[in-house]
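Worksheet: the structure to be examined is printed underneath.
Residue numbers begin at 1 in each chain, while the letters A, B, ... track the order of the sequences. Because the structure is a prediction, the values reported are computed rather than measured.
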Amino acid sequence: MHTPIRSVTPASANVEVIGWIHELRDLGGLTFLLLRDRTGILQVTVNRKKAPAGVLAALAIISRESVVRVRGPVKAIDKAPGGREVTPEVLELVSPCATPLPLDVVEKVPAELDTRLDARFLDVRRPRVTAVFLIRSMVLQAVSEFLWERDFVQITTPKLVAAATEGGTELFPVAYFDKEAFLNQSPQLYKQMMMAAGFEKVFEIGPIFRAEEHNTTKHLNEATSIDVEVSFADQEDVMRLLEELVAAVYRKVGETCAEPLSWLKKELEVPATPFPRIPYTDAIEIAARRTGEPLKFGDDFGAAAEKALGEEMGTHYFIVDWPTAIKPYYAMPYSDRPEFCRAFDLMHPRMELSSGAQRVHQYDLLAAQIRSKGLKPESFEFYLNPFRFGMPPHAGWGLGAERLVMTMLDLQNIREAVLFPRDRHRLVP
RNA sequence: GCCCAGGUAGUGUAGUGGCCUAUCAUGUCGGCCUGUCACGCCGACGACUCGGAUUCGAAUUCCGACCUGGGCGCCA
């Protein structure tokens with residue numbers, strides 16, 4: 001059984017390690033071989049005069065990024081990386097690596113994102129890229145744990161759906177036997193239906209699809225959405241849940257991902273809660289003042305406005321009390337001022353992370369709001385019908401997993417937070 | 001979709017009409033080297049996105065196509 005490289009210490013006696021040849025430094029009588037697995041890098045030192053013939057034979061044929069197996073005693077050596085090195089008694093080429101490499105795994109020369117994505121499997125071998133995905137994995141684990149601890153039920157909802165019902169974005173049409181179908185833009189309608197099913201607290205982590213032809217560093221055509229819906233809750237309840245979740249995820253990553261964070265040279269700061277709440281009307285004023293743009297009530301925030309607000313706030317913050325007119329039909333208007341609704345966006349200084357709301361749970365009001373958006377209630381009766389049979393008041397949000405990781409790690413392009421991003425021009429690999 | 005900037009060895013780059021038989025680094029291959037850690041040294045290999053045009057001469061100028069990056073819009 002082989003030992004993860006992280007666990008090889010100067011106190012280890014005899015170890016077997018398997019990994020990729022990260023670097024080879026042949027000094028003549030002495031060869032240093034850096035072996036890498038996903039947990040770290042280990043120096044293997046071959047002394048030409050003392051090494052067994054089998055080791056020398058293997059050394060002659062191995063090249064960078066080949067997979068090799070090494071067995072031998074561990075020595076504490078101050079001069080070696082990590083203070084330890086292995087002197088191999090066995091060195092075996094397990095799987096050879098072709099040359100030339102499509103990109104430089106040791107990052108002596110950089111590679112452009114496009115080159116990296118074309119050879120993603122190799123790109124991800126680089127510790128700084130491995131780190132992003134180890135952390136992403138922990139983010140999703142931390143989200144699940146946080147929600148499970150609070151009695152949430154994890155659900156999975158269809159990604160193939162019958163109609164473009166939610167509005168606001170373009171959908172991908174797909175052939176579904178003899179019917180027209182679409183890839184779902186979000187689990188919104190289904191998670192609301194689960195409120196009628198009596199689950200009270202549900203969450204889903206899953207893919208969402210948007211057919212927008214955007215070309216930016218923060219949009220994807222396939223993204224991962226963390227969706228939550230809670231019965232007997234209002235928008236304030238789920239905002240508290242959301243800010244606590246974000247802080248908990250940062251805390252968990254900070255506690256458990258010290259090594260990947262160090263590869264990224266990233267010091268995580270847990271954002272202070274509660275996050276500031278800023279009403280939409282104030283946000284418009286601030287953005288208008290700081291950008292000089294003539295923003296008015298009913299406008300959405302463009303890139304410049306979003307940036308200006310981020311600079312003003314300097315931390316995570318909520319924009320609350322949005323105009324009903326620019327939020328989806330399922331957002332609950334305030335009864336005493338129906339031009340505003342109980343919707344919020346969670347913002348990071350760089351971009352929007354999440355949007356949510358208390359939902360409309362009254363059938364008649366929901367049907368009316370659907371009509372007022374120019375949609376036909378008849379065309380998605382499957383969603384509306386549950387509202388006639390004891391739908392509890394509820395609230396929820398959707399949080400972009402890639403954006404959460406991207407802002408946490410200061411990634412410049414959202415594609416860095418996805419193994420195989422789907423964007424306007426990329427469908428392969 | 002709009003605007004801007006680009007496309008040169010496997011990778012990342014230099015180059016602005018002849019001095020390009022194209023720079024540098026990294027890499028690969030060969031040689032030397034017993035403590036490297038971006039090892040060092042010597043030698044070799046390897047590229048101008050495609051199609052037209054201008055010109056005595058084009059990597060370099062012009063037109064078109066394709067591709068990429070960034071910004072904006074749309075969107076979350």
Every protein N/O within reach of nucleotides 65-70 of chain B N/O, cut-off under 3.5 Å:
from: B/G70; atom 1: OP1; to: A/Asn413; atom 2: ND2; distance (Å): 2.9

Under 3.5 Å, which N/O atoms of the protein pair with N/O atoms of nucleotides 42-46 of chain B?
none

What pairs of nitrogen or oxygen atoms, one from the protein and one from nucleotides 24-26 of chain B, lie under 3.5 Å apart?
none

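A/Gly398 comes within contact range of no nucleotide atom at all, as no heavy-atom separation falls under 4.0 Å. The residue A/Asp26 sits close to a base: some heavy atom pair falls under 4.0 Å. Within 4.0 Å of A/Ala304, counting heavy atoms only, lies no atom of the nucleic acid at all. Residue contacts shown for A/Pro102 are limited to sugar-phosphate atoms, with no base heavy atom under 4.0 Å away.
Residues A/Glu85 and A/Glu402 both approach RNA chain B. Their nearest nucleotides, taken by heavy-atom distance, put A/Glu85 toward the 5′ side.
Within the structure, every pair that satisfies the ring pair (Phe, Tyr, Trp, His ring centres under 6.0 Å) test and touches residues 278-304 of chain A, not counting sequence neighbours, is listed here: A/Tyr280-A/Phe297, A/Tyr280-A/Phe301, A/Tyr280-A/Trp322, A/Phe297-A/Phe340, A/Phe301-A/Trp322. Within the structure, every pair that satisfies the salt bridge (Lys or Arg N to Asp or Glu O under 4.0 Å) test and touches residues 35-55 of chain A, not counting sequence neighbours, is listed here: A/Arg36-A/Glu65.
Every residue meeting the ring pair (Phe, Tyr, Trp, His ring centres under 6.0 Å) condition with A/Tyr383, not counting sequence neighbours, appears here in chain and number order: A/Phe387. Residues passing the side-chain contact (heavy atoms from CB on, under 4.5 Å) test with A/Glu311, sequence neighbours excluded: A/Arg290, A/Lys307. Residues that satisfy the side-chain contact (heavy atoms from CB on, under 4.5 Å) test with A/Leu419, not counting sequence neighbours, are A/Val124, A/Phe133. The side-chain contact (heavy atoms from CB on, under 4.5 Å) search around A/His219 returns A/His214, A/Thr216, A/Arg403, not counting sequence neighbours. With sequence neighbours left out, A/Tyr176 forms a ring pair (Phe, Tyr, Trp, His ring centres under 6.0 Å) with no residue at all.
For A/Arg424, a side-chain nitrogen or oxygen approaches OP1 or OP2 of B/G1 to under 4.0 Å.
Of the candidate nucleotides B/U36, B/G12, B/C72, B/G12 has the atom lying nearest to any side-chain atom of A/Thr115. Counting only heavy atoms from C-beta on, A/Leu30 has its side chain closest to B/U34 among B/U28, B/U36, B/U34. Listed nucleotides: B/C37, B/C72, B/U28. Nearest to the side chain of A/Pro81: B/C37. Candidate nucleotides B/G10, B/G35, B/G12 were compared by shortest atom distance to the side chain of A/Ala80, and B/G35 ranks first.
Interface residues of residues 288-295 of chain A facing RNA chain B, ordered by number: none; criterion, heavy-atom separation under 4.0 Å. Within residues 34-49 of chain A, the residues that place at least one heavy atom under 4.0 Å from RNA chain B are, in residue-number order, A/Gln43, A/Asn47, A/Lys49.
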- Task: Could you walk me through whether A/Tyr317 and A/Phe275 pass the ring pair (Phe, Tyr, Trp, His ring centres under 6.0 Å) test, one step at a time?
- Result: CA-CA 5 Å; A/Tyr317 63 100; A/Phe275 301 155; 9.3 Å; no

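Smallest separation of non-hydrogen atoms from A/Arg64 and A/Val106: NH2-CG2, 3.9 Å.
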